[in-house]
Amino acid sequence: MTGVAWSPQQWRLRPAAQQPVWPDDDELDRVLKELAGLPPLVFAGEARHLTASLAQVAEGRAFLLQAGDCAETFAEFSADAIRDKLRVILQMAIVLTYGAGVPVVKVGRIAGQFAKPRSSPTERIGDLVLDAFRGHMVNDDAPDAAARVPDPHRLIAAYHQAASTLNLVRAFTKGGFADLSQVHLWNQQFVASSEEGRRYEQIAAEIDRALRFMAACGIDLVGEQSLHQVDFYTSHDALILGYEEALTRMDSLTGDWYDCSAHMLWVGERTKQLDGAHVDFLAGIHNPLGCKIGATTTPDEVVALCERLDPDRTPGRLTLISRMGAGAIEDALPPLLEAVRLSGHPVVWACDPMHGNTFASDGGRKTRRFDDILAEVKGFFRAHRRVGTWPGGVHLELTGDDVTECLGGFGDILEGQLHERYTTACDPRLNARQSIDLAFRVAELLRA
Ligand code: PEP
Ligand code: CO
């Protein structure tokens, strides 16, 4: 940054893509003032801890698991749903920790993932053409025109739901739910539950042996604090800039600005314009950042994004999340890996194998094939092996519920079954079994 100090409001001078057209600016201002007076959801020190953990990933000494809903909703907000989502992520993390042989940094798309960028400002439902659903932070998904009008009071509701969710996440991850032996037991149940699960018997047995080895060495598996608690961080797409601005606070310790709506914020494929408002906003806050990278992104563009978002070359500051599609990644990713390596930016590279593999099924529902998701992850690993960089992590859309939204995988969901339990408010998510199945496969890739 040159000369004049950055301010959380200055994004307003730049073009901001994907912002709702709020019906009443005065009401919006009142709401944003109220939000600015509410307590922060996270603390700057926590965000710094996450940056330090991600620095380990950047150096190839840890692996990132970032996962959760495509869109959290006001409707699906229960302790059980949060617990089940967390449980799947913890189960995956143990499998990945064993596979990678390094710590797994756990970041949820949770406690704030309420806003969605859209490819089209309208959508057709039957004969109706409606304003697009933009996430429950903005409007409602019901198929009628009134529901789609943006309502700023939803920003306050999103803040409160994020606060309750985060409270529960903290309780679960620090209060015993994350117990290593317990989570391992859930994985053993998964393995024993079917023919496909038994494919992973060997890894599960090895983890079991490792635990017994630790106990035999005198490590108290019951008493040892680090085996009962995990660090779990929150993240979301920093899409609605008024909301993010209102939660941005100056850290009293360092004098730096932090967006205290989440530990990590990312900028999406549709909002990452170099001169746009979103990049300007993220450049000013000191949280660790993510930036989605689609298949058409050029090496120059990626390096320019690194310069804007990580000018000081701070390890762990920037995670580049490629989302290219299984068919494109092996050609599109290596030149970007080379360019960033040459530029000297110490980024984390993570693979989002979801957003480049979405298509409409015969019945018109958005879906993704488990095999395409896996193929993109494999392409990601191959690209990194070729260039000599570290495949730092995965970024996934999943739920703990037994939904039928993605095809194939564990339980082999077929097109004709999609309607059975299709509850996502936006993109199709992996269900619990598909997620754990994927974790075992990524663990195999990490060990190869
Ligand atoms: C998302 O992560 O839900 C999303 C919309 O991603 P992208 O910006 O990569 O399309
Ligand atoms: Co999505």
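Index from 1, following the sequence. First listed ligand is number 1; within each ligand, the first listed atom is number 1.
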Check your understanding: What N/O/S atom of Asp427 is the closest to the Co ion (ligand 2)?
Key -> OD2
Check your understanding: Taking atom CZ of Phe43 as the centre, does the number of heavy atoms from other residues, nucleotides or ligands within less than 6.0 Å exceed 12?
Key -> no
**Study point:** Trp266 and His236: CA distance, side-chain angles, deciding distance, ring-ring contact (aromatic ring centres under 6.0 Å, His included) verdict
**Key:** CA-CA 6 Å; Trp266 78 82; His236 62 259; 7.3 Å; no
Check your understanding: Rounded to 10 degrees, what angle sits at the Co ion (ligand 2) between Cys70 SG and Glu397 OE2?
Key -> 90°
Point to revise | Top protein contact for atom 8 (O) of ligand 1, by heavy-atom distance | key: Glu269 N, 2.9 Å
Review point. Is Glu397 touching ligand 1 with its side chain, its backbone, both, or neither, if touching means heavy atoms under 4.0 Å apart?
Key: side chain
Exercise for review: Verify whether the ring centers belonging to Phe74 and His136 lie closer than 6.0 Å.
Suggested key: yes
Practice item. Specify side chain, backbone, both or neither for Lys292, according to which of its non-hydrogen atoms lie closer than 4.0 Å to ligand 1. Key: side chain
Revision key, fill the gap. A student checking ligand 1 against Lys116 at a 4.0 Å heavy-atom cut-off should list atoms 1 (C), 3 (O), 5 (C)
Practice item. Report yes if some N/O of Arg109 lies less than 3.5 Å from some N/O of ligand 1; otherwise report no. Key: yes
Exercise for review: With heavy atoms only and a cut-off of under 4.0 Å, state how Cys426 meets ligand 1: side chain, backbone, both or neither.
Suggested key: neither
Practice item. Check ligand 1 against Arg323 and write out every atom of the ligand that is under 4.0 Å from a heavy-atom position of the residue. Key: 7 (P), 9 (O), 10 (O)
Check your understanding: Considering only N, O or S atoms, which atom of His355 is nearest to the Co ion (ligand 2)?
Key -> NE2
Review point. Got a donor-acceptor contact below 3.5 angstrom from the Glu376 side chain to the Met324 backbone?
Key: yes
Exercise for review: Please report which non-hydrogen protein atom sits nearest to atom 5 (C) of ligand 1, along with the residue it belongs to and the distance in Å to one decimal place.
Suggested key: Pro117 CG, 3.7 Å
Point to revise | Close-contact set for ligand 1 against Gly268 heavy atoms, below 4.0 Å | key: 8 (O)
Review point. Which of parallel (below 30°), tilted (30 to 60°) and perpendicular (above 60°) describes Tyr200 and Phe190?
Key: parallel
**Study point:** Trp257 six-ring face occupied by Arg249 cation (under 6.0 Å, within 45°)
**Key:** no
Practice item. Flag Asp352 as yes when one of its N or O atoms lies below 3.5 Å from any N or O atom of ligand 1, and as no otherwise. Key: no
Review point. Does the side chain of Ser53 come under 3.5 Å of the side chain of Arg48 through a donor N or O and an acceptor N or O?
Key: no
**Study point:** Main-chain N/O of Val348 paired to Thr319 side chain as donor or acceptor, under 3.5 Å
**Key:** no
Practice item. Starting from atom 1 (C) of ligand 1, find the nearest protein heavy-atom neighbour and note its residue, name and distance. Key: His355 NE2, 3.0 Å
Point to revise | Aromatic contact, Trp186 with Phe177 (centres under 6.0 Å) | key: yes
